[in-house]
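Heads up, the thing below is written out as structure tokens.
What you see is a predicted model, and the numbers here were worked out from it, not measured in a lab. Ligands are counted one by one from 1 in listed order, and the atoms in each one are counted from 1 as well.
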Amino acid sequence: MSLRKFITNKTTAALAVLITVFANTSVFAQDAAAGAAAAPKVDMGEVYKSVIFYILVFLAICLFIAIVGKAIRVYELSREAQGKPVGINWNRVNSSLFALFLVLGLYGVYWEYTVHGSMLLPDAASVHGKRIDDMFNLTLIITTIVFIATHILLFGFSYIYKYSAKRKAYYYPHNNTIEKIWTIVPALVLTVLVLMGFLTWRSIFYKVEDPKNMPIQIEMTSEQFKWTIRYPGADGIVGHKNYKLTTASNALGIDFKDLKSRDDQMADEMVIPVDKPIKLILTSKDVIHSFYMPHFRVQLNTVPGMQTVFEFTPTKTTTQMQQETNDPNFKFLFYCAKICGSGHYNMQKVVRVVSMAEYKTWLAEQKTYLNDDLRKEFNLPVAPAPVKSVSDTTATDSAAVKTNQMALNK
Ligand SMILES: [Cu+2]
């Protein structure tokens with residue numbers, strides 16, 4: 001059997017299979033129609049959800065393209081047989097498609113920047129965030145220029161230098177000047193970007209602390225699937241913790257033998273004063289999570305068995321941000337940015353940036369981790385009974401409130 005005959009046989013066989021499939025489907029369709037007539041409640045919307053429907057649509061499109069292709073081929077062969085010049089100049093068709101693609105593509109870039117550009121995050125609300133945004137913008141401008149220039153060249157050349165019987169290709173194998181330009185220019189641009197990135201990174205992570213403006217420590221502990229916030233209390237230092245001390249009443253495993261732990265406070269939300277450095281101490285109880293505060297351009301992994309630290313200074317209060325974004329419901333949030341399990345989506349909490357005075361008032365109201373049960377557990381003297389009729393707060397709370405106020409007033 002000759003190859004041609006073999007291929008023809010194969011094609012016939014394939015067509016036969018296709019026809020059988022379609023014939024069967026139509027039989028099914030008739031059955032279904034009959035069924036539908038008997039029970040008028042069949043939901044036709046279901047048909048469009050089935051995989052088979054989309055496979056059939058795909059096959060129909062393929063068949064349509066194949067038929068158009070064959071028709072064009074027949075047209076060309078008939079012209080050839082009549083000795084007429086070739087009907088369709090495919091080089092011109094392809095090159096025009098390239099040109100069209102370039103125009104559509106560039107419009108797509110413009111559309112992306114103008115429509116989706118506004119969906120980027122608002123201006124950074126922290127000191128170092130401004131530097132990160134500047135770097136991001138500079139990188140975006142440079143890459144956009146390069147992207148547009150190279151694509152105009154790529155598609156433009158394909159259009160301009162399409163095959164023509166009137167001219168011959170010029171053999172041009174090498175040019176040192178061009179080689180130098182396209183090696184040195186990207187190398188310089190990349191060096192500048194990498195150096196800027198390095199210096200920005202260093203300014204964020206290796207800054208020298210100002211003894212007159214020491215950061216406020218806040219410890220964040222991640223676990224599946226929540227965050228626990230610990231404020232340092234009056235001494236300004238979060239105390240030791242040890243996972244071996246973890247009990248039902250001491251979920252963080254705080255070591256209350258450490259004096260620095262005794263005044264540590266718990267909080268439901270993260271409240272921080274504006275224009276004051278904040279030192280985040282990030283830890284994890286189970287797997288790796290990622291602490292992420294997009295508006296402050298803060299993101300760092302929390303790793304079980306070690307502490308990671310990120311220092312930043314918020315520059316805008318929540319109220320200010322609500323005015324800037326024209327959204328009275330605007331809230332700063334922090335999230336987990338590492339897919340850590342089924343409840344990952346739920347790992348977010350509110351961050352409230354307020355004035356120093358508001359912060360002090362709020363902090364004074366937060367409870368300490370140490371309570372009477374834990375005092376017993378750690379063999380610590382239980383605090384004296386509260387003075388009657390003074391307030392409803394417990395002795396521990398009012399003691400903590402007092403020490404905090406004393407410390408903040410210093
Ligand atoms: Cu997560």
Discussion item. Under a 3.5 Å threshold, yes or no: a donor from one side chain and an acceptor from the other, between Thr221 and Lys241?
Written reply: yes
Discussion item. Please determine whether a side-chain nitrogen of the Lys or Arg among Asp264 and Arg230 lies less than 4.0 Å from a carboxylate oxygen of the Asp or Glu.
Written reply: yes
Item to complete: Kindly confirm whether the Cu ion (ligand 1) is within less than 2.8 Å of some N/O/S atom in Ile339?
Response: no
Item to complete: Begin with the C-alpha distance, continue with both residues' side-chain angles, and end with the deciding distance and a verdict on side chain to side chain donor-acceptor pair (under 3.5 Å) for Lys226 and Asn346.
Response: CA-CA 7 Å; Lys226 63 174 185 174; Asn346 219 7; over 6 Å; no
Worksheet item: Can you name the one residue among Ile184, Thr177, Thr183 that meets side chain to side chain contact (heavy atoms under 4.5 Å, CB included) with Lys180?
Response: Ile184
Worksheet item: Does Cys340 bring an N, O or S atom to within less than 2.8 Å of the Cu ion (ligand 1)?
Response: yes
Response to the item:
Here the vertex angle at the Cu ion (ligand 1) for O of Lys338 and ND1 of His344, given to 10°, is 80°
